[in-house]
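Throughout, protein chains are lettered first and strands after them, A, B, ... in sequence-line order, and every chain is numbered starting at 1. Predicted model, so just to flag it, every value in this text is computed and none were measured.
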Number of protein chains: 2
Amino acid sequence: MKQQEVFKAMADPTRRAILKRLQDGALTAGEIGESFDISAASLSHHFAVLKRADLVRTERRGQYIVYSLNSTVFEDLARMLFDLFPSRNARRDPS
Amino acid sequence: MKQQEVFKAMADPTRRAILKRLQDGALTAGEIGESFDISAASLSHHFAVLKRADLVRTERRGQYIVYSLNSTVFEDLARMLFDLFPSRNARRDPS
DNA sequence: TATATATTTAGACAAATATCTAAATATTGC
DNA sequence: GCAATATTTAGATATTTGTCTAAATATATA
């Protein structure tokens, strides 16, 4: 996981909203765009950032491009967080 | 939790390294600074960002200021992540 | 009180980023 | 092949951000 890319991707509210939009299943770029008052070009930029972070997957379907969540990276990110913030009763790695 | 502040705070590698440095216990600003090749002023800026996100707590001890992790926000963040990325076998909130 | 040490604040600057419009590319269907 | 639609790329611009040095503030101690 490219940690830096993932965190930078998550730092923008529009991108987090895009991820949230994708929770219930894959959507085309245009469908996602309907929820945002932003140009298609700007949206495309956000898609690129999410893709670079491997947070979303894409698939061309005819003239559309379909975006979906990549939950694998989410799990990595969650693990990373737990690693970064030791909870009170977790053992610390003894290394 | 100020989600936006937390994510922005986590997006910088120096700040994540500071958090990691604090895993084993509280440290003064100066002690933290020893690990970084960066001016005290820049470091102080990073502390401010982490504080604004409520990721660290501070306490003055004489002429020193002691920083420590605030693990509460971590837990909030983890929860937020799980909410954002539904895992395959989790039920979705029916609302 | 004066000096030394620790930290933050102020102000400047360069690099990164979110946005836009216009143009390019890919695909469909006539 | 051509026109329409969907999406991305290019280039410009304004804002944000990470860094610096210099100055200010807070505390300790001689």
Side-chain angles (χ1 to χ4, degrees), chain A residues 2-22 25-70 73 77 84, chain B residues 2-22 25-70 73 77 84:
Chain A
K2 281 166 292 182
Q3 197 168 295
Q4 180 56 25
E5 301 302 318
V6 173
F7 277 115
K8 272 202 310 206
M10 302 285 296
D12 183 86
T14 300
R15 288 194 286 267
R16 290 199 304 278
I18 291 172
L19 294 173
K20 223 164 181 40
R21 264 293 353 247
L22 289 174
L27 293 171
T28 69
E31 287 169 330
I32 297 170
E34 287 165 18
S35 313
F36 298 92
D37 193 17
I38 192 185
S39 75
S42 297
L43 216 25
S44 186
H45 155 73
H46 286 305
F47 293 149
V49 175
L50 290 170
K51 240 163 64 175
R52 204 173 328 128
D54 210 28
L55 286 164
V56 299
R57 291 277 164 74
T58 66
E59 175 202 349
R60 180 172 277 279
R61 187 134 66 204
Q63 56 190 145
Y64 304 95
I65 294 186
V66 179
Y67 285 88
S68 55
L69 284 187
N70 174 16
V73 175
L77 183 56
L84 198 49
Chain B
K2 284 167 290 183
Q3 197 168 294
Q4 179 57 25
E5 301 303 317
V6 174
F7 276 115
K8 272 202 310 206
M10 302 285 297
D12 182 86
T14 300
R15 286 193 288 267
R16 291 200 304 279
I18 291 172
L19 294 173
K20 220 157 183 45
R21 237 357 293 274
L22 290 174
L27 292 172
T28 69
E31 286 169 331
I32 297 171
E34 288 167 17
S35 313
F36 298 93
D37 193 15
I38 192 184
S39 75
S42 297
L43 217 26
S44 185
H45 154 72
H46 287 305
F47 293 149
V49 175
L50 290 169
K51 239 162 66 176
R52 204 175 326 130
D54 209 29
L55 285 165
V56 300
R57 292 279 165 73
T58 66
E59 174 203 348
R60 180 173 278 278
R61 188 135 64 207
Q63 56 189 147
Y64 303 95
I65 293 186
V66 178
Y67 285 88
S68 55
L69 284 186
N70 174 15
V73 176
L77 183 56
L84 198 49

Does the side chain of B:V66 reach to within under 4.5 Å of the side chain of B:L27, using non-hydrogen atoms? no

When you compare the protein's N or O atoms with those of nucleotides 18-20 of chain C, which come within less than 3.5 Å of each other, and at what distance?
residue, atom, partner, partner atom, Å
C:dA18, OP1, A:R15, NH2, 3.3
C:dA18, OP2, A:R15, NH1, 3.2
C:dA18, OP2, A:H45, NE2, 3.3
C:dT19, OP2, A:H46, NE2, 2.3
C:dC20, OP2, A:S39, N, 2.9
C:dC20, OP2, A:S39, OG, 3.1
C:dC20, OP2, A:S42, OG, 2.7

Is the shortest side-chain heavy-atom distance between A:F47 and A:I32 below 4.5 Å? yes

Residues at least two apart in sequence or cross-chain that pass side chain to side chain donor-acceptor pair (under 3.5 Å) with A:H45, listed by chain then number, are none

Determine which pairs satisfy side-chain hydrogen bond (donor to acceptor under 3.5 Å, both in side chains) with at least one residue from residues 57-67 of chain B, sequence neighbours left out, and list them in order. none

Taking A:K8's backbone N and O only, do any of them form a donor-acceptor pair with A:R15's side chain (distance below 3.5 Å, no angle check)? yes

Give me the first and last nucleotide of DNA chain D, going 5' to 3', that has any atom under 4.0 Å from a heavy atom of chain B. D:dT17 to D:dA28

Looking only at heavy atoms, which two atoms of B:E31 and B:R21 are closest? And how far apart? O-NH1, 3.3 Å

Expected output is a numbered-order residue list: members of residues 50-67 of chain B with a heavy atom under 4.0 Å from any atom of DNA chain D. What is it? B:R60, B:G62, B:Q63

Please answer whether the main-chain N or O of B:L77 pairs with a side-chain N or O of B:Q3 as donor and acceptor at a distance below 3.5 Å. no

Can you list the residues that meet the side-chain contact (heavy atoms from CB on, under 4.5 Å) rule with B:K2, with sequence neighbours excluded? B:E5

4.5 Å side-chain heavy-atom contact, A:I18 and A:L50: yes

Closest heavy-atom pair and its distance - A:L43, A:G33: CD2-CA, 3.2 Å

